Amino acid sequence: MKQTINDLIAQALHELEQASQIPSELGSNIQVTSSKDPSQGDYASNIALMLAKPAGMPPRDLAQLIADRIAAADSIDRIEVAGPGFINFFVASNTSQSVINSILEQAENFGRSSLGQGNRIQVEFVSANPTGPLHVGHGRGAAYGATLANLLGFVGYEVQREYYVNDAGRQMHIIGTSTWLRYLELCGEDIVFPSNGYQGDYVWDIAATLHRENGERFRRPAAQVFADVGEDAPAGDKEKHIDHLIANAHGLLGEDDYRIVFDLALNTLVDVIRNDLHAFGVDFDRWFSERSLSDEGLIEQAITRLQDNGHVYEQGGALWFRSTEFGDEKDRVVRRDNGQTTYFASDIAYHMDKFDRGFAKVINIWGADHHGYIARVKASLSALGYNADDLEIQLVQFANLFENGAKISMSTRSGEFVTLRQLREDVGLDAARYFYVMRKAEQHMDFDLDLAREQSSDNPVYYLQYAHARICSVRRQCAEKGLEIATQQINLSRLDNVHEQALTKHLSLFPEQVESAARRREPHLVVNYLRELANHFHSWYNAHQFIVDDIELRDARITLAVAIGQVLRNGFALMGVSAPEKM
RNA sequence: GCGCUCGUAGCUCAGUUGGAUAGAGUGUUGGCCUCCGAAGCCAAAGGUCGUGGGUUCGACUCCCGCCGAGCGCGCCA
């Protein structure tokens with residue numbers, strides 16, 4: 001419809017130019033928007049306001065000139081000039097009602113588009129270190145990423161969902177060693193657990209598995225384990241303390257046995273995360289291992305490529321990437337003076353690999369605390385010869401969590417955190433998913449856990465689901481009363497009250513809202529849309545009876561209700577929320 | 001100190017590439033079920049859009065200064 005109006009305006013402008021009533025080549029960027037207020041028509045264009053100055057005419061006069069030129073069209077009832085010079089279009093009711101037939105015909109495909117043209121796009125999200133179960137802080141990225149991926153698929157992209165598993169590096173050695181120390185305690189060794197170790201109960205669980213499956217095979221005397229490790233905090237350096245423990249674990253266990261302990265911790269935690277996410281309705285196509293980058297020589301390959309392109313230099317025994325050449329604020333080390341490559345080097349290799357896999361677009365969803373990292377990753381892509389604009393980074397702000405009126409901090413290390421699983425069990429999957437995506441991702445957000453728990457029946461998601469359940473209920477009523485609802489030859493012109501007009505108008509906006517949400521990477525727009533749809537529906541429901549004696553009217557109203565139910569379901573599917581028939 | 005993301009109703013937040021009278025939820029105060037589900041509807045009240053300038057027909061939106069919040073500035077990951 002927007003396009004139709006756009007074309008009508010373009011044609012009118014063209015004719016006016018031909019007739020020399022306005023100067024030519026005004027550079028018309030025609031904008032057509034849907035109106036909020038019904039008195040301002042269904043659609044409006046500000047074209048006259050835009051062109052008033054270059055045309056040297058008062059906006060209202062120009063608007064009238066254009067409006068008079070616009071050819072009559074079946075789909076347009078009337079055109080008005082209003083306000084400072086807007087042109088308002090009133091769509092003919094039979095045209096706006098035709099959307100109902102489109103919805104019923106296209107069913108679960110209503111709203112799909114070919115915007116993505118089948119291009120491959122990757123969405124990488126969550127990617128939390130596998131050092132413990134996911135907590136509520138990870139939920140926002142999970143829900144946002146999953147919904148965005150669904151949205152992109154819906155508008156015609158071929159989407160790949162990926163989780164980057166940080167299975168290399170110091171944090172993983174700390175979790176591995178923490179597991180081993182708990183295991184030694186189970187063996188009866190006298191262990192003083194390091195302050196910098198992972199202290200959550202889940203570490204005990206992994207240690208118990210290790211003990212159950214391997215007996216005392218990995219047992220070593222505590223005296224040897226703590227030989228030469230130095231003081232722990234507060235008297236000593238907790239970082240050095242844990243690093244020495246890791247080194248001792250390597251030495252005492254030997255590389256092969258160390259790896260068994262390490263991998264058990266890693267695999268168990270990745271499984272926990274995978275299961276938690278699955279239960280949260282979030283599944284990935286690929287779990288990409290950071291360790292595989294070094295195993296397959298990709299890190300060396302990336303560094304070599306940077307060297308070949310002349311973007312690397314040596315200083316202080318380390319190898320530096322000259323990222324400042326591409327806008328970063330300082331150069332970055334890729335290989336330390338001890339010969340080890342940095343985490344950043346892995347990330348360069350990882351992103352190189354992403355682009356070598358042929359994605360037209362790569363979207364990374366990162367916590368807002370990683371914003372300082374964007375410049376260097378983009379710099380590395382440019383240096384490798386890729387178009388850095390093809391990497392898009394969406395930042396998700398943290399949610400401040402409140403419990404008992406106080407802000408609570410999340411620490412995987414100390415084991416003090418509310419898990420994503422607990423949240424889901426407390427408030428339910430639908431409420432949790434809805435809560436996370438109802439707000440714009442870059443907006444800071446406060447999350448009151450008590451409120452979420454206690455008032456879970458007040459959660460706004462039920463408002464939407466209730467609309468769907470009511471529609472299903474009406475259909476059940478019809479069936480119980482033995483009323484046949486016609487599926488063809490519905491006289492939709494009977495839908496003539498203000499509620500029905502608002503509903504058909506709103507339904508027709510779904511496809512463009514979905515496209516806009518996908519293009520802007522803002523799933524919350526879909527949530528807003530659905531809320532408005534439910535609002536219109538509830539108002540209508542309270543104002544009018546559906547099951548009436550007038551068969552033609554009854555058929556028309558129930559057909560509209562069915563169409564609303566379909567659009568709600570399509571929206572729910574994108575959000576990962578269920579569409580209950582009863583509540 | 002520099003950088004990133006922000007600042008909208010008592011509270012939590014929307015506000016479409018700059019558009020018409022800045023909107024929801026929640027909370028407060030009133031109404032609405034002999035009728036398809038009251039997890040709902042209708043209405044009232046609630047605002048110097050942090051602040052001061054600038055750009056223009058028009059600014060919550062764009063630009064600059066200031067104030068305030070969160071986060072980031074490592075040869076950690």
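Remember, predicted model here, so these are calculated numbers, not experimental data. A, B, ... follow the sequence lines: proteins, then strands. Residue 1 opens every chain.
For Glu290(A), the side-chain atoms get nearest to rA77(B) when compared with the rest of rU5(B), rA14(B), rA77(B). Among the nucleotides rC75(B), rC13(B), rC71(B), the one closest to any side-chain atom of Asp369(A) is rC71(B). Comparing atom distances between the Asn535(A) side chain and each of rA39(B), rA77(B), rC41(B) picks out rC41(B) as nearest. Out of rA20(B), rG15(B), rU12(B), the shortest distance to the side chain of Glu522(A) is found at rG15(B). Closest to the Leu49(A) side chain, of the nucleotides rG15(B), rA77(B), rG19(B), is rG19(B). Side-chain proximity of Tyr541(A) to the nucleotides rC41(B), rC36(B), rA20(B) is greatest for rC36(B). Taking the side chain of Ile547(A) as heavy atoms from C-beta on, and the options rA77(B), rC36(B), rG37(B), the nearest nucleotide is rC36(B). Set against rC76(B), rC75(B), rG40(B), the side chain of Asp337(A) has rC75(B) as its closest nucleotide. The side chain of Trp320(A) sits closest to rC75(B) out of rC41(B), rC75(B), rA77(B). Listed nucleotides rU5(B), rA24(B), rC36(B) differ in distance to Arg531(A); the shortest reach to its side chain belongs to rA24(B).
A donor-acceptor contact under 3.5 angstrom links the side chains of Gln465(A) and Asp430(A), judged on distance only. Judged purely by distance below 3.5 Å, without hydrogens or angles, the side chains of Glu515(A) and Ser113(A) pair a donor atom with an acceptor atom. Asn364(A) and His351(A) share a donor-acceptor pair across their side chains, judged by distance under 3.5 Å alone. Between the side chains of Glu80(A) and Asn88(A), no donor-acceptor pair is found at a separation under 3.5 Å.
Judged by distance alone with a 3.5 Å cut-off, no donor-acceptor contact links the side chain of His538(A) to the base of rC41(B). One donor-acceptor pair, N or O on each side, does fall under 3.5 Å between the base of rG3(B) and the side chain of His371(A).
The nucleotide rG58(B) finds no pairing partner, because no Watson-Crick or G-U wobble arrangement with both distances shorter than 3.5 Å includes it. Taking a pair to require two hydrogen-bonding distances under 3.5 Å in either a Watson-Crick or a G-U wobble arrangement, rG3(B) pairs with rC71(B).
As judged by a 4.0 angstrom heavy-atom cut-off over every strand, His544(A) is placed among the base-contacting residues. Heavy atoms of Asp347(A) sit nowhere under 4.0 angstrom from any nucleic acid atom. Among the heavy atoms of the strands lying under 4.0 Å from Arg520(A) are primed sugar atoms or P, OP1, OP2 only; no base atom is included. Residue-level contact check: Gly367(A) touches neither bases nor backbone, having no heavy atom under 4.0 Å from any strand. Ser539(A) comes within 4.0 angstrom of sugar-phosphate atoms only, judged by non-hydrogen atoms across all strands, and of no base. In this structure, Arg170(A) reaches the sugar-phosphate backbone alone: every heavy-atom distance under 4.0 Å involves primed, P, OP1 or OP2 atoms, never a base. Residue Glu329(A) is classed as a sugar-phosphate contact, given heavy-atom separations below 4.0 Å to backbone atoms only. Residue Ala469(A) is classed as a base contact, given a heavy-atom separation below 4.0 Å to a base. Ala375(A) comes within contact range of no nucleotide atom at all, as no heavy-atom separation falls under 4.0 Å. Residue Asn129(A) is in sugar-phosphate contact alone, with no base atom involved, counting any heavy-atom pair closer than 4.0 Å across all strands shown. The residue Gln394(A) sits apart from the nucleic acid: no heavy atom pair falls under 4.0 Å. When heavy atoms are screened at a 4.0 angstrom cut-off, Lys582(A) is found touching base atoms of the nucleic acid. Using a 4.0 Å heavy-atom distance criterion, Ala368(A) is classed as a sugar-phosphate-only contact.
Taking atom P in both rC62(B) and rU17(B), one finds a spacing of 11 Å when rounded to whole Å. Taking atom P on both rG37(B) and rU29(B), the two are 30 Å apart, rounded to the nearest angstrom. As rounded to the nearest Å, rG31(B) and rG68(B) have P atoms that lie 47 Å from one another. Using C1' as the reference atom, rU48(B) and rC60(B) are 13 Å apart when rounded to the nearest Å. The gap from the C1' atom of rG19(B) to that of rU56(B) amounts to 13 Å, rounded to the nearest Å. The gap from the C1' atom of rC57(B) to that of rU12(B) amounts to 37 Å, rounded to the nearest Å. Annotation: rU21(B) and rC49(B) have their C1' atoms spaced 15 Å apart (nearest Å). For rA9(B) and rU61(B), the P atoms lie 15 Å apart once the distance is rounded to whole Å.
Stacking between Phe86(A) and rA20(B) is present: the aromatic ring centre lies within less than 5.5 angstrom of the base six-membered ring centre, and the two planes differ by under 30 degrees.
Distances shorter than 4.0 Å separate some side-chain N or O of Tyr463(A) from OP1 or OP2 on rC41(B). Considering only side-chain N and O atoms, Arg332(A) lies nowhere under 4.0 angstrom from the phosphate OP1 or OP2 of rG74(B). Contact check, Gln31(A) against rU17(B): no side-chain N or O comes under 4.0 Å of OP1 or OP2.
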Q) Yes or no on ring pair (Phe, Tyr, Trp, His ring centres under 6.0 Å) for Tyr541(A) and His499(A), after CA distance, side-chain angles and deciding distance? A) CA-CA 9 Å; Tyr541(A) 183 94; His499(A) 294 105; over 10 Å; no

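Residue Leu395(A) is the one, among Gln477(A) and Leu395(A), whose nearest nucleotide of RNA chain B lies closer to the 5' end (criterion: closest heavy atom). Along RNA chain B, the nucleotide nearest to Trp540(A) and the one nearest to Ser45(A) differ in position, and the one closer to the 5' end is contacted by Ser45(A).
Using a cut-off of 4.0 Å between Lys/Arg side-chain N and Asp/Glu carboxylate O, Arg376(A) and Asp347(A) are scored as not salt-bridged. Look at Lys354(A) and Glu162(A) and you find no salt bridge, because none of the NZ, NE, NH1 or NH2 atoms lies under 4.0 Å from a carboxylate O. A salt bridge is defined here as a Lys NZ or Arg NE, NH1 or NH2 lying under 4.0 Å from an Asp or Glu carboxylate O, and Glu581(A) with Arg569(A) fails to meet this definition.
Side-chain atoms of Thr342(A) come within 3.5 Å of backbone atoms of Val333(A) as a donor-acceptor pair (strictly under, hydrogens ignored).
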